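In this text, all values refer to a predicted model and were calculated from it rather than measured experimentally. Proteins come first, then strands; the chains are lettered A, B, ... in the order of their sequence lines, and each starts at number 1.
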Amino acid sequence: MPKTDSLQGSLDLLVLKILSRRPRLHGYAIMTAIQEISEEILRVEEGSLYPALHRMEEAGWIRAEWVIKESGRRARAYELTTAGRKQLSAEEVRWQAVTSAVGRVLRMA
Amino acid sequence: MSILSRITNVFRRDVSRDIDEEFEGHIADAIEHGRDPAEARRAFGSPLQLREQSRDLRLLPWLDSLRADAVFGMRQLLKRKVTSLAAILSLGLAIGACTAAFRLIDALLLRPLPVAGASRLYMLYRQGIGFDGKPQTFDGWAYPSFELMRAAVKDQADLLAVSYAEQVDVTYRSDQEMEKVYLQYVSGRMFPDFELRPALGRLLSERDDISPGAHPYAVLSYDYWARRFDRNPNVLGQTFHMGERIYQIVGVGPAAFTGTETGTVTDVFVPTMMHPGAIRNDQTWHRSLALLKPGVAVEPVRANLHATSRAFELDRAKGFTGMTKQSIEHFIDQTLMLAPAASGASGIQQEFRRSLIALGVLVALVLLIACANVANLMTAQAAARAREMALRVAIGAGRWRLVQLVLVESAWLAFLAASLGGIFAWWAAPFVVGRINPPDNPARLPLPADFRVLAFGLALTLAVTFLFGLAPALRASAVRPASALKGGSDPHARRRLMHALVGVQVAFCFLVIFIAGLFAATFDRLSHREFGFAPDRVLTLDTVAQHAQPSVFWDQVTDHLRTVPGVESVALAGWPLLTPNGWNGFVSVNGAPPGPVLAYFLSVSPGWVEAMRTPLIEGADFRPADTASGGAIVNETFVRQYFNGASPLGQAFAKGRSRYHVIGVARDAPYRSLREPILPVAYVPFPTAIRTATFIVRTSSANPLALASTLRQEIPRARPEFRVSNIRTQADLVRAQTVRERLLAMLALFFAAVALLLATIGLYGVLDYSVLQRRREIGIRMAIGAQASDIARRITREVFAMVMVGAIAGLALGLASVRYIETLLYRVNATGPAMLLPPLLVILAAAFLAALPAVFRAVRIDPVASLRAD
C-alpha cells in the first residue's frame, strides 16, 4: 500500500467513517455528508475525493456498484467491506494517537 | 480489486467511460444543489488528469501500454504487408527448422528415458585398438562376462543386459504367416529396476533371469500391442513361434516405454536367458547398462567393472588360437568405460549424433541470416520513422517506452513467425525421422510436442526478438528530436550497422553453402563409386528352415528357381553383400603363422560370381569338385594383403582348422559397408548343412520386385522345409548404405538455397535502402556531371567490400569447421579449391544479381525531381 500522508489519511478516515454509518453513498453525497457533519469546517477537495475513492476500492476497503438514482441517472454507490471495517478501526486508533500526541505537545510546550 | 480484474480491465474499453460517467454525475449533482456550473467544474479540477490517475489505479499501467503498443505494432505490420510477410515467412522457416532440429536432437540424444533413475543410468563399453590396428570402441558383451561384472558391483549398481534390438520372424498361427517384429532380449530385473508398471498382465522380473532356455515368456510393448492387437486384452496367454521355440505372452508394458534403444521401438521383450548365446563366452550379443544406486560415485564402479572384465578376457584369451600375439595384447588392453545413458543407448544415436548436430548448426546459421535480414528491415523502417520517434520524444515519451514500442513490433513478427515455424516443425521432424533408415525399415522415434519443445520454441522466439529487434529499438530510442525533426540525423551510422549485418550474413551464408557442398559431394562420391558387382535387377531372398538342411536340398531349390520365367541366374550366399553381417578370422598362408590383418569370408555357391556379375580377374568359378575340396575365390585386396600381389592361383591358406586353395581372383567389392576401405575377402563354399542362407536371383526385368511374390511361393514348393523371411533388392541395399549421406545432402542443400535466397534479399534490401537514402546526393552528383558508372560504383563499393570481408570470414569459418564434420565426409578434399571456390562464386553471383535493381534505380534518378522532393 502506498504511504499516506496525514491529510490523505484523514480523508480516508472520514470517508470510511461516513460509509460505516451510511452505506451505499455516491461520491457527491459522501462529500456533502462530510461537510454537513463537520458543520462546514472540513471541506473535501473535490479533485482528490475520486482518486482516494478509487484507491480505497483498489485496496479492497470499499466496493462500488452502479445504482439508478430517482433522477434516472446512474450513480456509483460505495459501501464498506470487511477489510474496510478493519482499516477503519485501525485508522481511528491511529488518529486518536496522533491527536492526543499533538494535544500533549500543545499543552506541554 | 484483484490483479485479475486489473488485467481484464486492460482489455475493457469502458473503464474510461465508467470513470467519466461518475465524474459527470458529480458535476450534475453539484449543479442540482444549486452551484454555478462553471464554478463546479473549476472546483472539480481537470477531469482528464483525474481520469488518468484513476485508470492507472484500476488497471496495470505497464500492461495497458503494452496493449497499446501491440495494437500499434500490428497496425504498422499491416501497413507494410509485403515486407512483413517476407520477414515472417523467412523467420518462420528458420525458426521452424531450428525447432524441428531441436525436436530431433532432443528426442534422440537428450530426452531422458521414461524410467526411474534415468540420470543414474550408464552404458558399459570398451575402448582400445581393434583387430584392424585402429582405435575403436565396442559396446557388446558376452553374458558370462556380464554375470561376473554384475556380481562384482552388486552393492553399488544394478547391471542390466539388453540385446541389440533385432528384427526377427515370428508366427502366431501357421508357418506361412510370418511377421517381422523388433525383439530385445532383456534382463528380467530391468522392469522392476526401472519401476515400470504393466499396462496388462505382468512384466518380466529377476525370476526370469535364472536358467538358460527355461523362461519362454514375452512382454509386448504398448505400441506393438496397440498396433498389432488393437489393445485386445485377450493377448495374455497367446503364444507365438520364434525359431524353434514357443513363447507365451504374459504382459504388456507401459505406454511410454519403448525400450532402451532410442530410434527403434521395441515390439517384444523376452528374457536374456532365452538367447541362444546366453552361456557362451565368445558371443558378444548384448549391451550392458549400469543403474547406479543413488549417491554412488562412477569411477570406483568403473574401476571394479574394468578389473572384472579384464580378468574374464585374460582367462578366455588363453584359449585363443590363430591370432597374432599383438592382436591378443590389444584385445586384453582395452579399457572399460561408462558413458551416461539417460537417453538410452543405440547405434542410431552414435551414427546420427554428429549429423544432427551439424544440421542443427546449419539451421541456426540460417536463422541468424534471417534475423540479420529482419534487423536490416527494421533499421530501414526505423530510419523512415525517425521523425515519428522524434515527435514522440518531443511530447514526452521516455526512451524505454520507445524501446518497448519497437520491440513489441519485433515481438509480433517473431511470434507470428514462430507460429508458422511451429507448424513447419510439427511436419518436418517426423519427415526427417522417416528418412533416417531405409524405407522398409524406418527409424521410429517418439516425438512428443511437450513442454520441452514448447519452452525451446518460446525461448528461441524471445531470443530472436531481441536479436533482430534490440539494435533497431535502441537506435530508434536514441533519436535526437531537434536534429531528426530538422531531417538531418547521421545517416552513416545506420548504414554502418546494416553493412556489418550484410558482412555477417555473407559469412554465414558462405559457411552453409560450403558445408552443403561437402555433404553433396560426399553423397555423390559414395553413390558413384566402383561396386565390383552389378546391383541392378538382383533380388535377395533370405531363406530359413526350422533345422539345418543338407546342401542337396538347397541345390534343389536353386535349380527349381532357375526354371521360373524371368529369372536369369540364381545362386546361394550366406547373406547379401552390404548387410551388417560379417564373418572373419586371421589367415595363415602356406602354413606360416597367422598374419595381423583380419580376413572376411562369405559362403557362396557356384554361380554366385555370375549372378552378382562380379568380374573374375584370374581363374574360374567353382566347379562341383572345388566345393568339396575347399576351393576359394579371393578378392584383389586379399591378394595384395596375403600374397604380395603375386598370382595366388593354386596357393593354399588356412583359417583356424579350415584349409582353402585359391581357384580364382575376383574384382574388389565392398563387403558390408560402402564407406569402409575394401576388406580382404575370401568367397568359400558352404558347409554341408545350413539353416539360413540367401538366394541371389538375377532377373531379366528392370523391376526385380515384380518377381518377389512368385519366388516367395516357389521356394517352399520346391522344398517344403524352406520359407522366405525377407526379400530385398540389392539396389535397395546399396541405397540403404547412403541413407545418411542422402539425408544430409538433401537437407543441407535445401538450407543452403534458403540461406542464399535470404542473403540475396537482404543485400537487395540494403542497397535499395541506401539508394533511397542517398537520392539527393546522387541527384547532386548527376547534376554536376557524374557518370552512371561512377554512381554505380559509389552505391555498391561499400556493400561489395562487406561481401568480400564476409566471404573471407566465411572461408575461415569453413576451414575451421571442417575437422568437426570430417567423419561425415567420404573421399572429399574439403580444403581444396574444388570445394572452396564454388560457394564463393555463387555468393558473388548472387550479390551481383541483388545489386542490379538498386543500381538501375540509382542511375535513373532524375536530378531535378530528387532535389525538389522533400
[X] portion near chain A, given a 4.5 angstrom heavy-atom threshold:
X       : answer
B:Glu32 : side chain
B:Gln53 : side chain
B:Ala30 : both

Take a 6.0 Å sphere around CD of B:Gln49 and say whether it holds more than 12 heavy atoms from other residues, nucleotides or ligands. no
Please check this pair: side chain of B:Thr465 against backbone of B:Ala414, looking for a donor-acceptor N/O pair closer than 3.5 Å. no
Going from SG on B:Cys98 to CG on B:Leu367, what distance comes out if it is rounded to the nearest 0.5 angstrom? 4.5 Å
Given A:Met31, A:His26, A:Arg73, the one with more heavy-atom pairs under 4.5 angstrom with chain B than any other is A:Arg73
For B:Phe72, is the NZ or CZ atom of B:Arg392 found under 6.0 angstrom from the centre of its six-membered ring and inside 45 degrees of the ring axis? yes
Winner by heavy-atom pair count (cut-off under 4.5 Å) against chain A, out of B:Ser54, B:Gly25, B:Gly45, B:Ala40: B:Ser54
For a quick check under 3.5 Å, do A:His54 and B:Glu22 share a side-chain donor-acceptor pair by atom type? yes
